Asks: 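I'd like to ask you about the structure that follows.
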Protein chains: 2
Amino acid sequence: MSTDHLKSVLKNHNLRVTDCRIDVMEYFLDEKSALSQGDLESKLTGYDRVTLYRTLNNFLESGILHKIPNESGSATYGLCHDTCSPEGHMDNHMHFKCNRCGQIECLDKKTVPEVSLPTGYQVESVNLIVDGVCVKCA
Amino acid sequence: MSTDHLKSVLKNHNLRVTDCRIDVMEYFLDEKSALSQGDLESKLTGYDRVTLYRTLNNFLESGILHKIPNESGSATYGLCHDTCSPEGHMDNHMHFKCNRCGQIECLDKKTVPEVSLPTGYQVESVNLIVDGVCVKCA
DNA sequence: ATAGTTTATGCAACTTAATTGCATTTACTG
DNA sequence: CAGTAAATGCAATTAAGTTGCATAAACTAT
Ligand SMILES: [Mn+2]
Ligand SMILES: [Mn+2]
Ligand SMILES: [Zn+2]
Ligand SMILES: [Zn+2]
């Protein structure tokens, strides 16, 4: 993934091109797993915590990242598909959390099943998280 | 739900009967929705927040409550079925989060579907959270 | 019922994540 | 290259989560 491509992704989402945003995007592309703010702070030590925090929020609002629900305290984020935008997220895939290594990954190939709810409930989005042991830790 | 019954629930889970634990259980039974530690602190003002914190943890380990994954910072908890124990949780139902009122509720009647993962993944548990608009807010 | 033992509670203190304001620097527009 | 809008760094604040320890309460066994 070239830097020029990353720049065009940012521009397509109406975000200015900055070093921090490029580095954060590259980090997400390099890693297979979802990342938390703490992960960014450990890896990208050249940036202030608040800058990383705001980068995550900007990416979230722009549709570059999606937030993954979990049971632990800190939020984790995964890369969105190209089809995501501020208007809504289109990537309805499952997520997997390994109970050994703790990593959370996007199962892009696994779409979440349709759900039907009792009368009166309006469904807007569905999140499905599988816990278990990942391939590497098995 | 009588207080005597609540006491027997505590004893069945090898927990001592205390005012705080009774009050917390009653609160969960009165509310239809899942609750966070902040909810307990607002409602049960007579107890220290550390005591409420430890009560939630004890109930979690004992199988009286289960933790519900979410995207916000603070954890939320729901009442377990009688079949849950420290050895494992047996209530594999969906959860619903209303984007209007923010409440999270257990859909006890809706069991999560079976999922099949790529080769090498070991599935231990599945969480399914539906976001949308609840009956009251529709 | 009571003494002895175990557990729960309250309080203080600490860690960490999340969040905001503001001055300064940087990126974009023309 | 100048002007404008946005991003960054730093300081400071809020809130959740967590632990240690002394005291109070719950249980157990006389
Ligand atoms: Mn994902
Ligand atoms: Mn539930
Ligand atoms: Zn693993
Ligand atoms: Zn609602």
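Small disclaimer: the values here were computed from a predicted structure and weren't measured. Both backbone and side-chain heavy atoms feed into the values below; hydrogens, waters and symmetry mates do not.
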Asks: Surrounding NZ of K110(B) (heavy atoms of other residues, nucleotides or ligands, distance under 6.0 Å), is the total greater than 12?
Replies: yes
Asks: Look at the side chain of C20(B) and decide which nucleotide, out of dT9(C), dT18(D), dA11(D), has an atom nearest to it.
Replies: dT9(C)
Asks: Between N58(A) and E41(B), which residue's closest nucleotide on DNA chain D lies nearer the 5′ terminus?
Replies: N58(A)
Asks: The side chain of D48(A) is closest to which nucleotide in this list: dG10(C), dG9(D), dC28(C)?
Replies: dG9(D)
Asks: When you check the phosphate oxygens OP1 and OP2 of dT8(D), does a side-chain N or O of T18(A) lie under 4.0 Å from one of them?
Replies: yes
Asks: Using heavy-atom distances to pick each residue's nearest nucleotide on DNA chain C, tell me which of G38(A) and V50(A) is more 5'.
Replies: G38(A)
Asks: Do I129(A) and I129(B) make a side-chain contact, defined as non-hydrogen atoms from C-beta onward lying under 4.5 Å apart?
Replies: yes
Asks: Do R54(B) and dG17(D) share a donor-acceptor pair, side chain to base, under 3.5 Å?
Replies: no
Asks: Within the pair T51(A) and dA7(D), is there a side-chain N or O less than 4.0 Å away from OP1 or OP2?
Replies: no
Asks: Return yes if a side-chain donor-acceptor contact under 3.5 Å exists between Y121(A) and E105(B), otherwise no.
Replies: yes
Asks: For a quick check under 3.5 Å, do D19(A) and Y47(A) share a side-chain donor-acceptor pair by atom type?
Replies: no
Asks: What's the CG-C1' distance between D19(B) and dT7(C), to the nearest Å?
Replies: 15 Å
Asks: Expressed as a whole number of angstroms, how long is the span from N14(A):CG to dC28(C):P?
Replies: 12 Å
Asks: Expressed as a whole number of angstroms, how long is the span from Q37(A):CD to dA16(D):P?
Replies: 17 Å
Asks: Does dA7(D) have OP1 or OP2 under 4.0 Å away from a side-chain N or O of T55(A)?
Replies: no
Asks: How are the rings of H66(B) and H93(B) set relative to one another: parallel (under 30°), tilted (30 to 60°) or perpendicular (over 60°)?
Replies: perpendicular
Asks: Checking contacts here: which listed nucleotide (dA6(D), dT6(C), dA11(D)) is nearest the side-chain heavy atoms of R16(B)?
Replies: dT6(C)
Asks: Checking only heavy atoms, does the side chain of R49(B) share a donor-acceptor pair with the base of dG17(D) at less than 3.5 Å?
Replies: yes
Asks: Check the distance between dA16(D)'s P and K67(B)'s NZ and give it to me in whole angstrom.
Replies: 14 Å
Asks: Any base atoms under 4.0 Å from R21(A), or only sugar-phosphate, or nothing? Heavy atoms, all strands.
Replies: sugar-phosphate
Asks: In whole angstrom, give the distance that lies between atom CG of N70(A) and atom P of dA17(C).
Replies: 13 Å
Asks: For L56(A) and dT8(D), give me the distance from atom CG to atom C1', rounded to whole Å.
Replies: 15 Å
Asks: Let me know, please, whether Y53(B) or L15(A) comes out on the 5' side of the other along DNA chain D by nearest nucleotide.
Replies: L15(A)
Asks: Rounded to whole angstroms, how far apart are CG on L52(B) and C1' on dG10(C)?
Replies: 11 Å
Asks: Using whole Å, report how far NZ of K11(B) lies from C1' of dT7(C).
Replies: 15 Å
